[in-house]
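Structure record follows, encoded as structure tokens.
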Amino acid sequence: MAHVNAQCRLRNRPVGLPTADDFGYVEEPAPQPADGQFLVRVGHLSIDPAMRSWMNAGRSYVPPVGVGEVMRAAGIGEVVESRHPGHPVGQVVGGVFGVQRYALSDGEGVTPVDLSLGEAPVHLGALGFSGLTAHIGLLDIGRPRPGQTVVVSAAAGSVGSLTGQIAKINGCRAVGIAGGPDKCRFLLEELGFDGAVDYKAGGVRGQVRDLAPDGVDVFFDNVGGDILDDVLTTLAHGARVVISGAVSQYNAERGTRGPANYMQLLVKRATMTGFVVSDHAARFPAARTELSGWLRTGQLKEHTHLVTGGVAAFPEALLGLFAGKNTGKTVLAL
Ligand SMILES: NC(=O)c1ccc[n+]([C@@H]2O[C@H](COP(=O)([O-])OP(=O)(O)OC[C@H]3O[C@@H](n4cnc5c(N)ncnc54)[C@H](OP(=O)(O)O)[C@@H]3O)[C@@H](O)[C@H]2O)c1
């Protein structure tokens with residue numbers, strides 16, 4: 001029997017914060033696999049702030065999603081029909097399947113997923129790009145030494161919560177910046193951070209200085225904007241600023257605002273380095289082995305913010321990231 005595919009397509013290029021009208025929904029019969037292809041029933045999708053930049057016309061680190069195309073998303077699903085020898089029916093696989101119930105694939109970029117290591121959402125979080133970004137961004141780019149102070153922004157989110165925990169595992173002091181007292185409590189009480197800064201309470205500079213009196217050795221920045229500017233004034237001599245992302249800027253209508261306080265890099269002989277995790281694929285196997293080991297021993301905790309409602313709930317799930325509704329990894333269940 002033919003499967004019915006539900007898809008979420010980009011209808012307009014959003015200006016500022018996306019609205020539900022920027023997306024359209026289509027139901028149509030799922031395609032039949034030809035020789036060398038297979039059909040995946042997608043179960044879980046990773047919801048990422050970067051999706052917002054993929055909706056803009058200009059190329060960022062990947063080409064934009066075309067107007068009328070299925071919205072790009074990484075996900076996990078099960079092979080339900082196959083004419084591909086490497087991907088039999090029943091296999092659980094991960095890949096960039098898009099915001100749709102069924103995805104046709106020729107296997108490119110698709111990898112089997114070992115559910116004995118964790119449920120599907122964990123493979124989109126700690127064992128997926130979030131964990132790899134935290135691991136490689138902090139340890140390879142930030143290079144913290146034991147005893148040093150690591151500050152991370154969007155600390156209660158997916159990448160941030162893992163980054164702070166990895167800093168602790170590596171003998172550093174971890175200070176997180178997050179929005180609101182509940183998220184700060186979560187960092188301190190559930191994840192074992194040494195300090196938490198509530199940026200919504202204001203006075204970020206003073207709060208960071210109080211928690212890092214000898215200066216910030218590594219700043220892992222997910223947010224940009226005012227928070228980056230404030231932390232730049234608190235750097236230690238020789239600090240490393242890791243630019244992981246700038247979630248405060250992704251919906252800016254007049255372009256990204258740069259840091260006013262960048263001369264602190266000169267004053268503190270500091271560096272600021274941007275990175276894209278997909279450039280570091282050679283490091284993935286070793287990083288994944290370490291991440292899954294830490295999950296197994298309980299040193300690393302994964303939190304999932306699961307959004308239900310299927311393909312039609314995609315805008316709600318995405319907008320939740322910009323409103324800070326999530327704690328941990330946002331996953332859309334289809
Ligand atoms: N470089 C790479 O290769 C790479 C790969 C993956 C992800 N990333 C980046 O990593 C960052 C985190 O991604 P994620 O998937 O883990 O998302 P996330 O942190 O789980 O969710 C985004 C969080 O950002 C915070 N936020 C939203 N708007 C904000 C604002 N205006 N000011 C301050 N905080 C704001 C919210 O927390 P609050 O409640 O605390 O505000 C929200 O929970 C993003 O910048 C993303 O682009 C980079």
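Indexing begins at 1, ligand by ligand and atom by atom, following the structure's order. Throughout, residue positions are numbered sequentially from 1 according to the sequence presented.
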Scanning both residues in full, the closest heavy-atom pair of Ala317 with Thr330 reads O-CG2, 4.1 Å

Any idea which heavy atoms bring His303 and Glu190 closest together, and the distance? CE1-OE1, 3.4 Å

Verify the neighbour count for atom OH of Tyr61: are there more than 12 heavy atoms of other residues, nucleotides or ligands below 6.0 Å? yes

Nearest to atom 48 (C) of ligand 1, what protein heavy atom do you find, and at what distance? Ser244 O, 2.9 Å

Looking at Asp22 and Arg13, is there a salt bridge between them, counting it only when a charged N and a carboxylate O are closer than 4.0 Å? no

Asp217/Arg240 salt bridge by N-O under 4.0 Å criterion: no

Measure across Gly328 and Asn326 and return the closest heavy-atom pair with its distance rounded to 0.1 Å. O-ND2, 3.0 Å

Quick check: Ser248 and ligand 1, any N/O pair under 3.5 Å apart? no

Report the nearest protein non-hydrogen atom to atom 5 (C) of ligand 1: residue, atom name, distance rounded to 0.1 Å. Thr133 OG1, 3.1 Å

For Glu28, does the CD atom sit with more than 12 other heavy atoms under 6.0 Å from it, leaving out its own atoms? yes

Can you pull out the closest protein heavy atom to atom 37 (O) of ligand 1? Residue, atom name and distance to 0.1 Å, please. Lys183 NZ, 3.5 Å

Measure across Tyr250 and Gly245 and return the closest heavy-atom pair with its distance rounded to 0.1 Å. OH-CA, 3.3 Å

Can you figure out which of Ser161, Gly179, Ser130 has its heavy atom closest to atom 40 (O) of ligand 1? Gly179

Quick check on contacts: which atoms of ligand 1 are under 4.0 angstrom from a heavy atom of Ala246? 45 (O)

Please check if Val267 and Tyr262 belong to a single hydrophobic cluster, counting links between Ile, Leu, Val, Met, Phe, Trp and Tyr side chain heavy atoms closer than 4.5 Å. yes

Carboxylate-amine/guanidinium contact Arg257 Asp226, below 4.0 Å: yes

Considering heavy atoms of the protein only, find what lies nearest to atom 11 (C) of ligand 1 and give residue, atom and distance to 0.1 Å. Asn222 OD1, 3.3 Å

Check each of Gly125, Gly324, Gly137 against atom 36 (C) of ligand 1 and report the one with the nearest heavy atom. Gly324

Out of Ile141, Val247, Val242, Ile227, who gets a non-hydrogen atom closest to atom 29 (C) of ligand 1? Val247

Below 4.0 angstrom, N of the basic side chain to O of the carboxylate: do Asp48 and Arg72 qualify? no

Judged by non-hydrogen atoms, does Thr330 sit under 4.0 Å from ligand 1? no

Looking at Ala178, which atoms of ligand 1 are within less than 4.0 Å of one of its heavy atoms? 40 (O)

Among protein heavy atoms, which lies nearest atom 14 (P) of ligand 1, and at what distance? Pro49 CD, 3.8 Å

Phe220 versus Leu138, closest heavy-atom pair with distance: CE1-N, 3.6 Å

For Lys183 against Ala156, the heavy-atom pair lying closest together: CD-CB, 3.7 Å

Val223 and ligand 1 - part of the residue with a heavy-atom distance under 4.0 Å: side chain

Does even one non-hydrogen atom of Gly328 get within less than 4.0 Å of ligand 1? yes

re atom 47 (O) of ligand 1, the protein heavy-atom contact at minimum distance is Tyr250 OH, 2.8 Å

Numbering the atoms of ligand 1 from 1, which are under 4.0 Å from a heavy atom of Val277? 2 (C), 3 (O)

Under 4.0 Å to a heavy atom of Gly157 - the qualifying atoms of ligand 1, by number: 18 (P), 19 (O), 20 (O)

Any idea which atoms of ligand 1 are less than 4.0 Å away from a heavy-atom of Gly245? 45 (O)

of all protein heavy atoms, closest to atom 28 (N) of ligand 1 is Phe322 O, 3.6 Å

Name the closest protein heavy atom to atom 41 (O) of ligand 1, giving the residue it belongs to and the distance to 0.1 Å. Tyr199 OH, 2.5 Å

Can you list the ligand 1 atoms lying under 4.0 Å from a non-hydrogen atom of Ser158? 16 (O), 18 (P), 19 (O), 20 (O)

Could you go step by step and tell me if Gln37 and Asp106 meet the side-chain hydrogen bond (donor to acceptor under 3.5 Å, both in side chains) rule? CA-CA 4 Å; Gln37 292 183 324; Asp106 61 6; over 6 Å; no

Flag Phe129 as yes when one of its N or O atoms lies below 3.5 Å from any N or O atom of ligand 1, and as no otherwise. no

In ligand 1, the atoms that come under 4.0 Å of a heavy atom of Val276 are 3 (O)

